[in-house]
Amino acid sequence: MVGYAMRRILGLVAVWFIAVLLTFIAVQFVPGDPILALLSDRSGDPVLEARLRAEYGLDRALWVQFLDYLGNIANGTFGLSFRFAGTPVIDVIAGGLTISPVLALVSIAIAVPLGVSLGVFVAIRQNTWADTLVILILVAGISVPNFAMAAFLVYLFSIKLGLVPVAGWGGADQLILPVTILVIPPTAYIARLTRTYMLEVLQQDYIRTARAKGVRERLVIYRHALRNTLVPLLTTIGIIFGGLLSGTFVVETIFNIPGLGRMAIESIFARDYPVTMSIVLLFTVFYSLINLIIDLLYAALDPRIRLDAGES
């Protein structure tokens, strides 16, 4: 297990380096000059323009700029913001570092048990009215876009009923609507997959054998069938977490939440490329670390899976 984990961590370092490289290259093809945008009405001052280009290192060769950016990542500053002149990027995004990941983690922590529970519930009631009703609700949950769901819930619970704030951040009540919007699609998706996997597992010979031996149905479902259902589901959960991270872009913008997603949108419009690049890199790190954790959980759920080198 330790050897496998070390190999995966080394692989992640390579992935992170490639992400940094591709992001840096992509920014070079973005139209517009951030220094001219920063100067605004003083763009005709060549001395000031030259000083700013030197301060941000934009007067150097591209490979030198890339090395400078690697150095800024290593020292934790991520360079200087264009939008907030002279301010380290880490100071600009510091507030959002604990918001976007928390939103995604809270949402996945709710969506996984809720989705698995719903999937098991309908799987053991296949082809009943409850199965049909829940499936219709799940399809709706997957199909309705985040922004449309947000508009409906804000109108119903905030404007009409006045139960929760329309937007903002800081209180527990301001967390309800954003988390609900993020939870609904992954819950529906996980429930549908759980139902499919559970129905497949319930047809296996070892399930029939357990029932033939007189094992209680509850133990058959939750000890034997569910355990083997969770193994293929884990990969999907990792992908869903990535979707939740990207979903925070929309939710944070709609609900005026000062997270990394909203900062990324604002930095794109402001041509604050150092902030944009840093947020992309941080989201890559979050996503890859969650997938590493999920890979390590395979062995805990299924002892037949051997992760160490030389085992099969």
Side-chain angles (χ1 to χ4, degrees), residues 78 81 83-84 87 89-118 133-134 136-191 237 239-272 275-276 278-280 282-283 285-287 289-290:
F78 294 95
S81 168
R83 184 184 179 193
F84 304 96
T87 303
V89 171
I90 190 61
D91 292 339
V92 175
I93 65 176
L97 285 174
T98 57
I99 295 178
S100 298
V102 167
L103 276 176
L105 288 172
V106 169
S107 300
I108 200 72
I110 296 173
V112 171
L114 185 57
V116 170
S117 300
L118 281 173
L133 177 61
V134 172
L136 288 175
I137 295 174
L138 296 180
V139 170
I142 295 174
S143 304
V144 178
N146 276 356
F147 62 87
M149 185 76 70
F152 171 74
L153 293 182
V154 167
Y155 175 77
L156 178 61
F157 292 105
S158 298
I159 298 176
K160 296 296 289 186
L161 300 178
L163 297 177
V164 291
V166 174
W169 184 257
D173 55 347
Q174 294 173 320
L175 188 66
I176 295 174
L177 283 183
V179 169
T180 301
I181 300 302
L182 289 173
V183 162
I184 290 175
T187 298
Y189 191 57
I190 291 172
I237 292 173
I239 297 172
I240 288 173
F241 183 79
L244 284 173
L245 284 175
S246 60
T248 60
F249 281 69
V250 176
V251 170
E252 290 175 2
T253 302
I254 292 174
F255 292 101
N256 195 30
I257 298 174
L260 293 179
R262 197 188 75 175
M263 290 181 185
I265 299 296
E266 293 176 349
S267 65
I268 291 171
F269 283 112
R271 294 178 180 172
D272 196 350
V275 172
T276 304
S278 302
I279 293 175
V280 169
L282 287 171
F283 272 62
V285 171
F286 296 150
Y287 180 64
L289 287 177
I290 286 295

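Remember, predicted model here, so these are calculated numbers, not experimental data. In what follows, residues are counted from 1 in the order of the sequence shown.
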[X] to [Y] - nearest heavy-atom pair and separation:
X      : Y      : answer
Val251 : Pro178 : CG1-CB, 3.6 Å
Ser100 : Gly261 : OG-N, 3.5 Å
Ala104 : Leu244 : O-CD1, 3.7 Å
Ala148 : Val144 : CB-CG1, 4.1 Å
Val89  : Ser81  : CG2-N, 3.9 Å
Ile254 : Ala150 : CD1-CB, 3.9 Å

Interatomic spacing from [atom1] in [X] to [atom2] in [Y] - rounded to 0.5 Å:
X      : Y      : atom1 : atom2 : value
Leu177 : Leu153 : CG    : CG    : 6.0 Å
Ile93  : Thr276 : CD1   : OG1   : 10.5 Å
Ile181 : Phe152 : CD1   : CZ    : 10.0 Å
Ile110 : Leu105 : CD1   : CG    : 11.5 Å
Met263 : Leu282 : CE    : CG    : 11.0 Å
Ile257 : Leu175 : CD1   : CG    : 7.5 Å

Any [X] side-chain heavy atom under 4.5 Å of [Y] side chain:
X      : Y      : answer
Leu97  : Ile90  : yes
Thr248 : Leu260 : no
Glu252 : Ile99  : yes

Exercise for review: For Arg271 and Arg83, run side-chain contact (heavy atoms from CB on, under 4.5 Å): C-alpha distance rounded to whole Å, both residues' side-chain angles, the deciding distance at 0.1 Å, then the answer.
Suggested key: CA-CA 8 Å; Arg271 294 178 180 172; Arg83 184 184 179 193; over 6 Å; no
Check your understanding: Hey, is the main chain of Val164 close enough, under 3.5 Å, to the side chain of Ser158 for a donor-acceptor pair?
Key ->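 Pair found, side chain donor or acceptor close to backbone of Val164.
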Review point. Looking only at atom types and distance, does a side-chain atom of Ser143 sit under 3.5 Å from a main-chain N or O of Ala140, one as donor and one as acceptor?
Key: no
Check your understanding: So with a 6.0 Å cut-off around CZ of Phe255, is the heavy-atom count from everything else above 12?
Key -> yes
Review point. Do the two ring centres, one from Phe249 and one from Phe283, sit under 6.0 Å apart?
Key: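 Yes, close enough.
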